[in-house]
Amino acid sequence: MFSNRIYCGEINANDKDREVTVFGWIDRKRDLGGIVFLEIRDITGIIQAVFDSSVSAENAELADSVRSEFVVSVTGKIRERTPETVNPNLPTGNIEIFASDIKILNKSLVPPFPIDIRDSINEEVRLKYRFLDLRREDMREAMLKRHRMMQITRQYLSDHRFIEIETPILNKSTPEGARDFLVPSRINKGEFYALPQSPQLFKQILMISGFDRYFQIVKCFRDEDLRNDRQPEFTQIDMELSFVTPKMIMEIIEGLIKKTVKEITGKDVNYDFPVMDYDEAMSKYGTDAPDTRVGIEIRDCTDIFINSTFNVFSSALSSNGVIRGFAVEDGGRLSRKMTDDYSEYVKKFGAKGFPMFKYNDGKFEGGISKFITDDEKAKLVEKFNLKEPAVVFFSVDKEAIVNSTLAHMRMKIARDLDMVDNNKLNFLWVTDFPLIEYHEEDKRYYAVHHPFTAPLPEHAEMLDNITPETARKMKAQAYDIVLNGVEIGGGSIRISDSAIQSKLFSVIGMSDEEARTKFSFLLDALQYGAPPHGGIALGLDRIMMLLLQRGSIREVMAFPKTQKGQCMMSEAPSPVTEDQLNELSIRVVRK
RNA sequence: GGGGUUGUAGCUCAGUUGGUUAGAGUACCUGCCUGUCACGCAGGGUGCCGCGAGUUCGAGUCUCGUCAACCCCGCCA
């Protein structure tokens, strides 16, 4: 019965006079009495079928009896529409099926929300009825393009000699980094697997095994709080290569990205991805993932105000703070209300305020301008290259707060003033991340990327003599790829010198025994002829989100979870039976 | 753990200063209609105003609490 099927969206004028049968859902019905139009939808698109009661009253009556989302088969002859009845809004709008038969294959309840229009519907309802939501145009497009991206990736990487190898989902827990999802072991009572945060250790093992280029499109799991670009399970395009430099990896990734962007969006990315080191990104943009679509840059003004008598500035400077700011050439569009709101808004970043002044016709006005000396004014004009009417904002606090505040406000103001070009795709490599970071509260160092990341060769000896200050200066062979201010991937060259590896472990406060219990198999393997190697992982969901210009990665995932990690459709997570718990020797403690 | 926004018909949303019978569009149901394509026309209200307390003669509206979704900080590479 289904063997002579043709897809709705694939019928065209060349099929004229052909008798076809389509199978699909009722997208819409227009009953004009003696004539009934049905729009039939399948995975490829929509086609109109016509039922004329003067040809078959029986068929027209049956067509009239269908409702939205009924599943039908329609048989008939393809014919061209007369010019005045062509629908230019429909890809198949120049033709239609002149139906000779219709069968109702299944009925449907009235759907809880419309399938046929691109209206924004409450996400809670969409997620509960995801099976219906996925029938809608936006989701269908997202799923088809996501499939396309995975196909391109597999083809491209295979062409570049990468081999796709699966790694375990049931894994060993390592308390470094994000929280693990744990899975109790029935056979080994009291013990747990962890779901992988990434296949990091296994892909390094594969290098040692001689598979010199590995890749995998793989689910990763992190039990952390959610955001619009963060889900507890997400998909990475993970890879690892032997005998490579960062430059080689970056070239391979650029090739893949450019091909993907072309296929998914039709756009050409005809520039080499700029490379910026971490220190420059932090000083100009206050973040390691700058959105370079916005030209506003941060400038350090600490030296200008070193002798300032303005209390806000002087007290911050006396407690080791910094003063940084940026200028917005706003053409007078920033209102008093907006700047007032901003000084409230910055509090979420830990800032106490958001001092500003306006620059107009060579004069400083409003805000803190009366606390600025003529000498300071001259220096500020030069520092920010002030010419046009502009507003200059400052942040004054500890460096981390200043960076965070300015990074966020730079983007917020740009969005408020409509200064962000949504058609741009600004890719950027950020390199030379710090290798380790000192945590004030814990009084210890942490690996910024992960503890197998190699330092820059010329910085390796700094490991012998680490202080919180020198730690900031020791850089890693680590690189992130950023698109429009979102980190879409990152990786590093790994340590293959066991002396450096054990030094690094000791610096981050991990004893040999501790390292051995956590990573024993990798440390063992590294002693059996480990090739120099490195890798990278791309966030598939985030890339799709950005390329399709969707507001969250949930829009490009078939079955995402809510912010509380729940699936509205299956209602996971859920309690389990006492028997199941007993079998696992687990008791739930209720608080 | 914290801050914010939202929650009224299946869906999208309005609802004034607290005022007596809670509305619009759409969907849905019934009928009419032979070239529609967001078809049109006529008729029909299908409601736990998220939930629970409180204030009040009276609460969709005010207060407190609570739940959920979303956004953000912390957290997370």
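In what follows, chains carry the letters A, B, and so on, assigned in the order in which the sequence lines appear, proteins first and then strands, with residues in each chain numbered from 1. Only heavy atoms go into these numbers, but all of them, side chains included; no hydrogens, no water, no symmetry mates.
- Using N1 to N3 plus N6-O4 or O6-N4 for Watson-Crick, or N1-O2 and O6-N3 for G-U wobble, each under 3.5 Å, B:rG58 pairs with nothing.
- The nucleotide B:rA68 finds its pairing partner in B:rU6, both defining distances of the Watson-Crick or G-U wobble pair being shorter than 3.5 Å.
- Under the 4.0 Å criterion applied to side-chain N and carboxylate O atoms, A:E123 and A:R130 are not assigned as salt-bridge partners.
- In this model, a donor atom of one side chain and an acceptor atom of the other lie less than 3.5 Å apart for A:N403 and A:R324.
- Stacking here means ring centres nearer than 5.5 Å and ring planes tilted less than 30 degrees, and by that measure A:F113 does not stack onto B:rC11.
- Nucleic acid contact for A:K347: none, since no nucleic acid atom lies under 4.0 Å from a heavy atom of the residue.
- Looking at heavy-atom distances under 4.0 Å, A:Q48 makes contact with a base.
- Between A:R227 and A:D229, no side-chain nitrogen of the basic residue sits less than 4.0 Å from a carboxylate oxygen of the acidic one, so the salt-bridge criterion is not met.
- Heavy atoms of A:I121 sit under 4.0 angstrom from primed sugar atoms or phosphate atoms, though from no base atom.
- Rounded to whole angstrom, the span from the CG atom of A:D27 across to the C1' atom of B:rC39 amounts to 15 Å.
- One N or O donor and one acceptor, one from the side chain of A:R79 and one from the base of B:rG35, sit under 3.5 Å apart.
- The distance from atom CD1 of A:I46 to atom P of B:rA38 is 11 Å, rounded to the nearest whole Å.
- The base of B:rG35 sits with one of its N or O atoms less than 3.5 Å from a complementary donor or acceptor on the side chain of A:E96.
- For the salt bridge (Lys or Arg N to Asp or Glu O under 4.0 Å) with A:E141, the lone residue among A:R146, A:R136, A:R550 that qualifies is A:R550.
- Contacts of A:S120 with the nucleic acid, taken as non-hydrogen atoms under 4.0 Å apart, involve only primed sugar atoms and P, OP1 or OP2.
- Nucleic acid contact for A:T562: sugar-phosphate only, since backbone atoms but no base atoms lie under 4.0 Å from a heavy atom of the residue.
- Taken residue by residue, residues 226-240 of chain A places heavy atoms nearer than 4.0 Å to RNA chain B at A:R227, A:N228, A:R230.
- Looking at heavy-atom distances under 4.0 Å, A:H408 makes contact with sugar-phosphate atoms alone, never a base.
- Across all strands shown, B:rU16 remains unpaired; no Watson-Crick or G-U wobble contact has both distances below 3.5 Å.
- Counting non-hydrogen atoms under 4.0 angstrom, A:R554 reaches the backbone sugars and phosphates but no base.
- Using a 4.0 Å heavy-atom criterion, one finds that A:S54 contacts the bases of the nucleic acid, with or without backbone contacts as well.
- Salt bridge annotation for A:D432-A:K475: absent, with no cationic side-chain nitrogen under 4.0 angstrom from a carboxylate oxygen.
- Within the nucleic acid shown, A:D288 comes within 4.0 Å of at least one base atom, counting heavy atoms only.
- Annotation: B:rC62 and B:rU55 have their C1' atoms spaced 8 Å apart (nearest Å).
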Evaluation steps, ring-ring contact (aromatic ring centres under 6.0 Å, His included), between A:F23 and A:Y7: CA-CA 8 Å; A:F23 296 88; A:Y7 282 89; 9.6 Å; no
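- Applying the 3.5 Å distance criterion, the base of B:rG7 shares no donor-acceptor pair with the side chain of A:N122.
- When the C1' atom is compared between B:rA22 and B:rG45, the two are found 12 Å apart, to the nearest whole Å.
- Around the CZ atom of A:R444, the shell of radius 6.0 Å holds more than 12 heavy atoms that belong to other residues, nucleotides or ligands.
- Nucleic acid contact for A:G177: sugar-phosphate only, since backbone atoms but no base atoms lie under 4.0 Å from a heavy atom of the residue.
- Counting atom types as modelled, A:R222 pairs no side-chain N or O with a base atom of B:rC75 as donor and acceptor under 3.5 Å.
- Under a 4.0 Å N-O distance rule, the pair A:K77/A:D17 does not qualify as a salt bridge.
- If you find the closest nucleotide of RNA chain B to A:D31 and to A:E487, the one lying nearer the 5' end belongs to A:D31.
- Contacts of A:R179 with the nucleic acid, taken as non-hydrogen atoms under 4.0 Å apart, involve only primed sugar atoms and P, OP1 or OP2.
- Note on A:V448: a base of the nucleic acid sits closer than 4.0 angstrom, heavy atoms only.
- Contact check, A:R28 against B:rC39: a side-chain N or O comes under 4.0 Å of OP1 or OP2.
- The phosphate of B:rC71 (OP1 or OP2) has a side-chain N or O of A:Q563 nearer than 4.0 angstrom.
- One finds no side-chain N or O of A:R30 lying less than 4.0 angstrom from the OP1 or OP2 phosphate oxygen of B:rU36.
- Classification of A:K128 and A:E571 as a salt-bridged pair fails, no side-chain N sitting under 4.0 Å from a carboxylate O.
- Here the nucleotide nearest the side chain of A:D225, chosen from B:rA77, B:rG74, B:rU12, is B:rG74.
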